Amino acid sequence: MRIIGGKYKGRVLHSPKGLPVRPTTDRTKEALFNILNNLLVWEETAVLDLFSGTGNISLECWSRGADKVVSVDRHPRCIQSIRQSMKALGIEEAVVIKRDVGKFLKQSPEAFGLVFMDPPYALDQQEAFAQTIQSQGWLRPDGLLVAEHSTHRDYSGLPGHEFSRVYGSSTLSFFRP
């Protein structure tokens with residue numbers, strides 16, 4: 001995994017083989033952060049990274065100066081990998097939570113400026129999670145939800161959908177509350 005921008009740009013971090021993840025490709029990640037750099041002020045943005053996997057997106061957000069990043073994943077090896085990567089970069093204020101995202105979203109919400117959601121493509125509750133994030137207070141009034149999903153799913157009919165971009169077999173859909 002390579003960090004593509006910010007103060008850790010160029011750093012390569014290795015995650016264990018065999019993790020049950022589909023990391024965001026460098027091409028998609030670069031496009032995502034080109035868009036986000038025009039929409040966010042990183043130093044004022046708290047980020048919630050759901051289905052964090054390797055921590056790829058969380059690390060990019062830290063690298064760009066995010067105010068706070070909370071990474072959530074249920075797989076113990078993913079959590080261990082994220083914590084190791086954060087430690088290798090000297091990120092001591094990282095919040096890494098081992099929890100099922102569905103259960104996490106049922107707790108009392110905290111408003112974030114950016115929520116990134118990259119669930120397994122086969123997960124049935126994707127659209128429900130996107131709606132919960134928007135309707136239950138997980139986004140600040142000026143916040144942004146970005147969902148990475150299969151191009152076979154269409155999020156354009158969901159409330160708050162602003163636009164989508166397709167990158168190979170992945171689509172990034174952007175929402176405002």
Side-chain angles (χ1 to χ4, degrees), residues 1-98 101 110-121 133 138-140 142-151 162-176:
M1 168 174 44
R2 178 179 64 90
I3 298 177
I4 61 170
K7 68 182 174 183
Y8 303 121
K9 180 179 180 176
R11 294 282 300 266
V12 177
L13 299 166
H14 302 282
S15 52
K17 294 198 183 303
L19 290 179
V21 297
R22 174 200 28 79
T24 301
T25 65
D26 279 355
R27 177 178 174 239
T28 303
K29 185 170 60 167
E30 191 166 341
L32 168 66
F33 281 91
N34 284 340
I35 293 168
L36 293 177
N37 285 339
N38 291 307
L39 298 174
L40 302 172
V41 176
W42 286 108
E43 296 77 16
E44 299 171 5
T45 303
V47 178
L48 176 59
D49 182 9
L50 300 173
F51 304 96
S52 297
T54 62
N56 195 3
I57 299 300
S58 294
L59 293 166
E60 285 290 344
C61 292
W62 278 119
S63 185
R64 291 156 195 275
D67 179 52
K68 174 183 182 177
V69 180
V70 176
S71 309
V72 180
D73 201 287
R74 72 177 186 166
H75 196 279
R77 290 185 59 222
C78 289
I79 295 299
Q80 181 182 16
S81 177
I82 294 168
R83 287 184 175 141
Q84 287 173 343
S85 295
M86 298 288 185
K87 184 176 181 182
L89 294 174
I91 302 170
E92 296 176 8
E93 60 275 14
V95 179
V96 182
I97 299 171
K98 181 189 171 293
V101 168
E110 174 185 345
F112 289 87
L114 171 65
V115 176
F116 182 79
M117 179 180 86
D118 183 10
Y121 282 2
I133 290 163
W138 289 99
L139 279 178
R140 290 189 334 213
D142 62 341
L144 181 67
L145 165 63
V146 180
E148 181 175 345
H149 56 92
S150 165
T151 55
E162 288 201 339
F163 63 94
S164 294
R165 299 288 184 267
V166 177
Y167 304 96
S169 62
S170 295
T171 299
L172 296 173
S173 291
F174 294 76
F175 301 85
R176 293 280 186 187

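For clarity, every value in this text was computed on a predicted model and none was experimentally measured. Residue numbers start at 1 and run along the sequence shown.
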Calculate, to the nearest 0.5 Å, the distance between atoms OG and CG belonging to S71 and L59 respectively.
-> 7.5 Å
Heavy-atom side-chain proximity of L144 to T45 below 4.5 angstrom = no
Taking atom CG of D67 and atom CG of L114, what is their separation to the nearest 0.5 Å?
-> 12.5 Å
Give a yes or no on this: more than 12 heavy atoms of other residues, nucleotides or ligands lie within 6.0 Å of atom CD of E92.
-> no
Under 3.5 Å, is there a donor-acceptor pair linking the side chains of E148 and T24?
-> yes
Any side-chain heavy atom of F112 sitting closer than 4.5 Å to one from V70?
-> yes
Between F33 and C61, is any pair of side-chain heavy atoms under 4.5 Å apart?
-> yes
Separation between OH (Y8) and CG (L13), nearest 0.5 Å, reads 10.5 Å
So, does R176 use its side chain to make a donor-acceptor pair with the main chain of E162 at under 3.5 Å?
-> no
Supply the atom-to-atom distance K29 NZ to N34 CG, rounded to the nearest 0.5 angstrom.
-> 12.5 Å
Stepwise side-chain contact (heavy atoms from CB on, under 4.5 Å) test for L32 and I57 | CA-CA 10 Å; L32 168 66; I57 299 300; 4.0 Å; yes
Hey, is the main chain of G53 close enough, under 3.5 Å, to the side chain of D73 for a donor-acceptor pair?
-> yes
May I ask you to decide if K68's main-chain N or O and E93's side chain share a donor-acceptor pair within less than 3.5 Å?
-> no
Are the side chain of D49 and the backbone N or O of S58 linked by a donor-acceptor pair below 3.5 Å?
-> yes
Taking S85 for its side chain and S81 for its backbone only, find out whether a donor-acceptor pair lies under 3.5 Å.
-> yes
Kindly indicate, with the supporting measurements, whether the criterion side-chain contact (heavy atoms from CB on, under 4.5 Å) is fulfilled by V146 and I35.
-> CA-CA 11 Å; V146 180; I35 293 168; over 6 Å; no
Would a 4.5 Å heavy-atom cut-off, applied to side chains only, mark W62 and V47 as touching?
-> no
State whether the side chain of T151 and the backbone N or O of T171 hold a donor-acceptor pair below 3.5 Å, judged by distance alone.
-> no
Is there a side-chain contact between I91 and V69, using heavy atoms and a 4.5 Å cut-off?
-> no
More than 12 heavy atoms from other groups under 6.0 Å of CZ on R74 | no
Take W138 and L48, measure what side-chain contact (heavy atoms from CB on, under 4.5 Å) needs, and give me the verdict at the end.
-> CA-CA 9 Å; W138 289 99; L48 176 59; 3.9 Å; yes
Mind checking the CD-CZ spacing from E60 to F116? Nearest 0.5 Å is all I need.
-> 11.0 Å
